[in-house]
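These notes are about the structure you will find just below.
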Amino acid sequence: MPSAERDRRVVRALCAWFARDQRDLPWRETRADGRRDPYRSLVSEIMLQQTQVARVTEKFAPFVERFPTVHALAAAPIDDVLALWSGLGYYRRARSLHRCAQEIVDRFGDVPENTEDLQSLPGIGRYTAGAIASIVFDEPAPIVDGNVVRVLLRIDGQDLDPKAPETAAHCWDRADRLVRVASRSRTNGVSPGVFNEAMMELGALVCTPRSPACDRCPVRGSCAAHREGRQHEIPRPKAAPDRRTLHMAAVLVRDARGRVLAEQRPDTGLWAGLWQPPTIESGSEIRKAMVSKHFGLASAALSRENAFLWQTSHRAVRVVAYASDRAPADSAAAGRHWLSRAQLGRRALGSLQRKLLLGPPTGKGTA
Ligand code: ADE
């Protein structure tokens with residue numbers, strides 16, 4: 001078991017490195033009183049739950065500009081919130097952030113300051129509560145995510161399965177001990193929030209999964225994996241994820257005014273509540289005859305426009321887009337609407353839906 005002295009060295013070295021080398025990220029700005037804004041911290045932590053920092057960096061400023069306070073967010077229509085969430089993926093988070101804002105206003109008046117109250121809110125688990133409570137309110141609360149597990153296992157030289165529940169429990173205990181060390185130190189810029197954010201930053205920038213930059217690491221002198229040359233073996237590489245392919249066929253129809261026909265997805269499941277062209281989905285390949293039959297359109301009315309593979313974090317989606325010169329049968333009954341580009345721009349669209357409805361392609365799919 002690592003000594004208390006080694007833990008103090010790790011904490012001090014990490015905090016000093018973070019003060020020097022941290023990235024300039026929009027949610028790290030402080031207010032006039034030198035503290036972070038709790039609401040902005042809440043929004044950023046929810047956005048960062050399953051999305052890369054680079055993508056969040058793009059989407060954060062427009063979001064907090066449109067909804068500058070927890071009250072503004074609570075009072076906003078959910079469709080506006082989803083529209084500003086476009087491109088971040090995992091839209092369930094936008095819905096729970098919206099409910100979270102409403103509960104904050106109803107139950108607390110403002111963002112609560114401790115992990116217990118934070119964790120009682122929708123969409124806030126132990127990690128997010130710990131991040132906000134430590135970074136904004138200086139509570140010595142631990143945080144553990146995939147990055148932190150990797151850093152801890154390497155520092156301690158422990159070849160444990162990073163996905164096993166016992167490993168998570170072990171890492172929460174370990175992170176808890178370290179954040180308490182940070183809370184007791186309190187000199188030279190050491191604090192629970194700085195230590196936690198430094199751990200995240202180290203995992204993102206230096207102690208990366210495949211090519212850790214040990215030569216730039218502030219804690220290499222205390223790292224067992226580095227000492228033993230095992231930084232590439234810890235944690236054990238994981239097996240390739242099982243990605244089931246989803247098949248989608250979309251029909252693009254334009255009217256004489258250039259408006260496109262769009263429908264809203266159900267409000268649960270993949271891409272919940274987002275707008276899309278009339279679409280069918282299946283676990284197996286969708287042939288043109290099936291599209292024709294499903295939408296009540298003659299096969300000759302459908303021309304194949306585009307076919308591509310779209311990758312979400314969990315699924316590969318094989319998309320085939322057809323153009324049609326007439327609308328599918330029963331479109332009004334199916335809740336479809338003719339929408340102009342401007343109207344579509346205000347609806348909730350993911351990156352794939354944007355590519356299909358508004359083209360040209362907007363880049364690699366993550367949503
Ligand atoms: N990931 C989760 N929270 C973060 C934060 N506050 N800064 C950078 N990356 C993060």
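First listed ligand is number 1; within each ligand, the first listed atom is number 1. Not measured: the values here are computed from a predicted model.
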Task: Donor-acceptor pair between Arg93 and Gln49 side chains, under 3.5 angstrom - done: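 Result is no, nothing qualifies.
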
TODO: Scan side-chain atoms only and decide if Ser134 and Asn196 contain a donor-acceptor pair under the 3.5 Å cut-off.
DONE: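 Indeed, the side chains of Ser134 and Asn196 share at least one donor-acceptor pair under 3.5 Å.
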
TODO: Name all residues meeting the salt bridge (Lys or Arg N to Asp or Glu O under 4.0 Å) criterion together with Arg150; count only those two or more places apart in sequence or in a different chain, and write none if there are none.
DONE: none

TODO: Could you list the residues that satisfy salt bridge (Lys or Arg N to Asp or Glu O under 4.0 Å) with Glu263, not counting sequence neighbours?
DONE: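 With neighbours one apart ignored, the set is Arg336.
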
Contacts table for ligand 1: protein N or O within a distance under 3.5 Å of ligand N or O, distances only.
residue, atom, partner, partner atom, Å
ligand 1, 3 (N), Glu45, OE1, 2.7
ligand 1, 3 (N), Glu45, OE2, 3.3
ligand 1, 6 (N), Glu45, OE2, 2.8
ligand 1, 6 (N), Glu197, OE2, 3.1
ligand 1, 7 (N), Arg28, NH2, 3.1

Task: For the student: nearest non-hydrogen atoms of Trp85 and Leu97, plus distance - done: CZ3-CD2, 3.8 Å

Task: Residues clustered with Val253, ILVMFWY side-chain links under 4.5 angstrom - done: Val251, Leu261, Ile280, Ile286, Met290, Val291, Phe295, Leu297, Leu302, Val320, Tyr322, Trp338

